[in-house]
Each structure stands twice: as C-alpha cells, then as structure tokens.
Amino acid sequence: MPSSVRARLTIWHAGAVACVLLILALATYVLLRQDSIRRVDSSLEDVTNSFLATVQAEIRDAHGTEDFKQCVAAAIQEHSYRETTFSVFDSGGKLVMTSPVSPALLDSEIDRYTDLRRRGTLNEPRRRPFRTLTASGHLYRGYSRAFLAEGSSYVLVALESLRSEQAFMAALGQTYALVIPLAVLLASLGGYFLARRSLSPVTLMSDQAEHISATNLRDRLIIKNKTDELGRLAGSFNRLLDRLEESFELQRRFVADASHELRTPVAILSGEAEVALSKADRSPEEYRESLEILRKESFRLKKIIEDLFTLTRADIGQLPLTKSAFYLEELVTDCVHNCRTLAQAKKITLQCSPAPELPLEADEALLRRMFLNLLDNAIKYTPNSGAVSVSCEHCEGSYLIAIADTGPGVPKELQGRVFERFFRADKSRTPSDSANGGAGLGLAICRWIAEAHHGTLELTGSGASGSTFTFSIPAPTTGPAFPSS
Ligand code: ADP
C-alpha cells in the first residue's frame with residue numbers, strides 16, 4: 001500500500017467504482033440473457049403449437065388419402081417462412097421428416113437430438129423440454145413435444161438459432177469490456193484530483209507548521225474555510241499556538257525578571273566583598289559591618305532561589321501535597337504566635353479572634369508557609385503602631401481565613417496584579433536591596449498553595465484603611481481521623 005493518503009484514497013475509490021460496475025455489468029448480462037432465452041422459448045412453444053395444429057388439420061383434411069409424412073411435409077411447408085427447423089421422430093427415435101436444414105446442422109444437431117431421444121432426456125415429463133445446443137460454434141435453442149397421430153406416438157423437435165441473441169450478448173460484453181476500464185480510469189483520475197484538492201490544505205498547513213518555531217511563534221496558519229473539518233483543525237492548531245505563545249511569553253518574562261532580581265543581591269555581594277578587600281587596614285567593626293551586609297544579601301538571595309525553585313517545581317507538577325489531618329484554626333493561631341516578635345518590633349497590635357474548630361486534611365507545611373507569608377506581608381506593609389487582625393470562620397461549606405491590616409493598601413489599578421510573579425506595587429516602598437524587600441514571589445506562591453488545595457486566595461479589600469487577604473478552602477464533608485485538640 002502506498003504511504004501517501006492521496007494515493008490510498010485514489011486506489012480505494014477506483015476499486016470501489018470497479019466493483020460496483022462489475023457487479024452491475026454481470027447482473028444486467030445475466031438478466032438480459034435469461035430474458036432473451038425466455039422469449040425464444042415462448043416463441044418456440046407458440047410455433048410448435050401452430051405446427052402441430054397444422055399437422056392435425058392436414059391429417060383430418062386428407063381423409064386417409066395422404067400418408068403421415070406428406071402431412072408433416074405440408075406443415076413444414078406452411079411454416080417455412082419462420083427461421084425454425086422442425087424434425088419429427090417416430091417412437092423408436094427414427095427421423096420421419098425434417099425441414100431443409102444446412103448439412104452441418106443436420107449432421108450434428110439432428111444426430112444430437114436422436115441421441116437425446118435415445119437416452120430419454122428429451123420429453124421426460126419431469127424435465128423442461130428446452131435445451132441449448134451448440135453447432136459449428138453457434139447456439140441453438142431446442143424444444144421437443146410428443147404428439148399422437150393416426151394412433152402412433154411421435155416427437156416433434158423445433159430448433160431455433162440463437163445467433164442474433166448471441167451477437168447481442170457478444171456486443172454487450174464488448175461494450176462492457178471497453179466501458180468499464182474507461183469508467184474506472186476516469187473514476188481514478190477524478191478521485192485523484194478530488195483527493196488532491198481536499199488534501200491540499202493539509203499539505204499547506206504542514207508546510208506552514210514546519211516553518212513555525214520559537215522565534216516566530218506569532219505566525220498562524222491561514223484558514224480558508226473555518227467551518228469545514230480542516231478549517232476547524234487549523235483553528236485548533238492556531239489556538240494551541242496562542243497558548244504556546246502565551247506560555248513562552250510568561251516563561252521569557254519569568255526568566256528576565258528572575259535574572260533581574262538575582263542580579264541585585266549578587267552585585268551587592270561582590271561590591272561589598274571588593275570594598276572589604278580593597279583597604280588593608282580596616283577596623284574589625286568595618287569588617288563586621290561588611291559581613292553583616294553579606295549575610296543579609298546572601299539570605300535574600302537564598303530566599304529568592306528557594307521561591308523560584310518552589311514555583312518551577314509547582315509549574316511542572318513536581319510539588320506533591322503531603323496531606324495530614326489537623327485543625328486549621330490551631331495552625332493559624334500558631335502562625336500568629338510565631339509572628340508576634342516581628343509585630344512587636346514595629347509596635348503593631350497582632351490579634352487573632354476566637355475561632356470554631358476547623359478540622360481539615362491538607363498539606364500543613366504548605367499552608368503554614370502561606371499564612372506566614374501573608375502575616376509577614378501584613379506586618380511589613382503596616383506602618384509602626386498599626387494593627388493586624390486574623391479571623392477564622394466556617395461559612396457555607398467553606399473555611400474562611402481573613403488577614404486584615406491597617407497598611408496603605410494596594411492602589412486600585414494594581415490590585416489585580418498583586419498575585420503576579422515578581423510584581424511589587426511600590427518598589428520604592430519595598431526596596432529590593434533592603435533585607436525585608438521581597439522579590440514579588442511570595443503572593444504567587446501563596447495563591448498556588450491555595451489553588452493546589454482547591455481553595456482560593458483573594459485580595460478581598462484594599463484601601464487607605466488597609467488591606468484584607470482572604471483564604472477560602474472547601475470544608476471536608478466527612479470527618480477524617482483528627483488528632484484530639
Ligand atoms: P514581596 O515579597 O514583594 O512582598 P509579595 O508577592 O508577597 O512580594 O507581594 C507582592 C506585592 O503586593 C508587594 O510588593 C506589595 O506591593 C503588595 N502587597 C502584598 N501584601 C500587601 C499588604 N498586606 N499591604 C499592601 N500591599 C501588599
């Protein structure tokens with residue numbers, strides 16, 4: 001089988017057409033042949049009836065003056081205009097009288113009839129009295145009928161040439177032999193052009209797709225007809241390219257932002273080390289100061305690298321959740337407790353309102369990381385002597401944890417972007433060279449953690465009076481085995 005779809009379609013098409021034509025030709029050939037034989041048979045029967053009626057009439061009219069042979073001869077004479085040969089045999093199979101026939105027919109056909117009579121195959125009541133015979137390459141149809149005359153039994157055999165039927169069937173066969181191959185050839189050509197035309201968009205699409213690479217991801221396949229199957233295929237391919245382009249763009253931005261964020265601490269580290277080494281006579285305090293800067297920057301660098309690593313693993317699905325049963329409100333209270341020192345340093349009031357029991361089966365370590373991050377942000381962006389409050393609720397099948405602060409809030413136009421990677425609403429407020437300044441990855445990681453638990457994390461309120469981040473997670477419908485609180 002050829003590998004090209006076009007060639008395969010053409011072969012199948014031509015094969016199907018050839019099969020249909022052959023079956024049709026065979027059926028019409030057989031039907032026409034049967035019909036012509038039926039017509040000859042009925043004509044033979046009619047002419048035999050007429051012949052026998054003439055013989056009986058001759059016998060009646062002769063009143064014994066003529067012998068049987070003369071009567072048969074008179075009947076043959078009367079029916080001589082017909083192209084039918086009549087032969088009469090006596091009961092012993094002996095030829096009594098026959099029409100003038102060609103010597104060849106007489107020799108072969110009459111002998112054959114005599115032979116058939118002798119073997120008793122003619123005129124047997126159970127057999128049809130019709131036979132098809134061949135003589136000198138021609139077909140004849142024979143009909144035999146027994147009759148009584150002057151008290152003796154005879155057999156009349158009528159023969160009719162099938163020459164014209166034979167010629168018609170031969171002409172029909174020749175026509176088929178010519179027309180069928182021609183029709184199959186035309187069907188093959190038609191099928192080939194049809195397949196070529198139908199598949200040309202596929203060839204075009206594959207040529208276009210071949211030229212699309214990471215450098216020209218903006219290119220799209222040209223769609224001529226959007227509604228047909230190939231148009232829909234091209235549409236799906238273009239949408240796939242849209243998604244690819246989008247993720248390439250995200251990836252590119254991610255790499256650019258990551259390298260930008262990494263460059264700053266690395267530059268500070270190398271700059272500070274150079275300064276420390278440039279002067280030979282530095283005091284121990286100066287060295288201590290430099291080392292402290294190096295420590296803070298390397299800590300910051302480590303954090304960015306860890307966050308990047310977390311997000312990359314999350315993106316490729318390599319950060320599986322390690323679930324365990326625990327009480328969510330206890331985890332939140334514990335996180336609040338851990339952040340007290342941070343809050344105290346800024347004289348911020350940090351409080352957690354009393355909460356109902358919130359049993360949950362989730363990744364405790366990841367949720368802890370998320371709450372610490374949110375609390376850290378709340379404290380970081382709240383000015384001294386401000387307040388941060390945390391509430392836990394069980395509401396309409398979900399657990400809601402809200403962390404509210406009295407910070408400056410996020411400008412309205414930037415609120416939708418706070419969960420983007422490397423996004424910082426006000427870079428001057430969170431300078432990346434300060435120890436506290438983050439790289440803008442914290443909220444992206446928090447949102448991934450919430451979504452990995454089929455929950456949500458939203459900035460539910462932000463204004464001049466502060467911001468509120470709300471985490472929502474579906475409450476379990478069946479209670480797993482929880483540790484006693
Ligand atoms: P960062 O490490 O810079 O804090 P995050 O992803 O945690 O990164 O936060 C992204 C940005 O969202 C921050 O730079 C800040 O502009 C804004 N933001 C986050 N939390 C708060 C908050 N509680 N109050 C005001 N702005 C916030």
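All of these numbers come straight from a predicted model, not from anything done at the bench. In each ligand, atom 1 is the first atom listed, and ligand 1 is the first ligand listed.
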ask   = Going by distance only, is there an N or O of Arg424 that falls short of 3.5 Å from an N or O of ligand 1?
value = no
request  = Run the salt-bridge test on Lys302 and Glu306 with the 4.0 Å N-O cut-off and return the result as yes or no.
outcome  = yes
remark   = Heavy-atom proximity to atom 21 (C) of ligand 1 ranks first, among Phe422, Tyr381, Phe423, for Tyr381
task = Keeping to residues at least two apart or across chains, list the side-chain hydrogen bond (donor to acceptor under 3.5 Å, both in side chains) pairs with something in residues 167-183.
result = Thr28-Tyr176
inquiry  = Heavy-atom distances under 4.0 Å decide this one: backbone, side chain, both or neither, for Ser462 against ligand 1?
reply    = neither
ask   = Given Ile37 and Glu165, is the side-chain contact (heavy atoms from CB on, under 4.5 Å) satisfied, shown in steps?
value = CA-CA 8 Å; Ile37 295 283; Glu165 283 78 7; over 6 Å; no
message = For atom 3 (O) of ligand 1, tell me which residue out of Gly440, Ala378, Pro411 has the closest non-hydrogen atom.
response = Gly440
key: Heavy-atom nearest option to atom 6 (O) of ligand 1, drawn from Leu374, Leu443, Asn377   = Leu443
key: Exercise: do Asp376 and Asn373 side chains pair donor with acceptor under 3.5 Å   = no
Numbered atoms and elements of ligand 1 in range of Phe469, under 4.0 angstrom, heavy atoms = 20 (N), 21 (C), 22 (C), 23 (N)
query = Is there a heavy atom in Phe419 that sits closer than 4.0 Å to ligand 1?
reply = no
Centroid separation Phe254 to Phe422 less than 6.0 Å = yes
ask   = Which bit of Thr382 is near ligand 1, meaning a heavy atom under 4.0 Å away: side chain, backbone, both or neither?
value = neither
ask   = Measuring from Tyr399:OH to His453:NE2, what's the distance to the nearest 0.5 Å?
value = 13.5 Å
request  = Could you pull out the closest heavy-atom pair between Ala209 and Leu221, with the gap in Å?
outcome  = N-CD2, 3.9 Å
remark   = If we number the atoms of ligand 1 from 1 as shown, the ones under 4.0 Å from a heavy atom of Ala439 are 2 (O)
request  = Decide whether an N or O pair under 3.5 Å exists between Val418 and ligand 1.
outcome  = no
note = A student checking ligand 1 against Ser467 at a 4.0 Å heavy-atom cut-off should list atoms 24 (N), 25 (C)
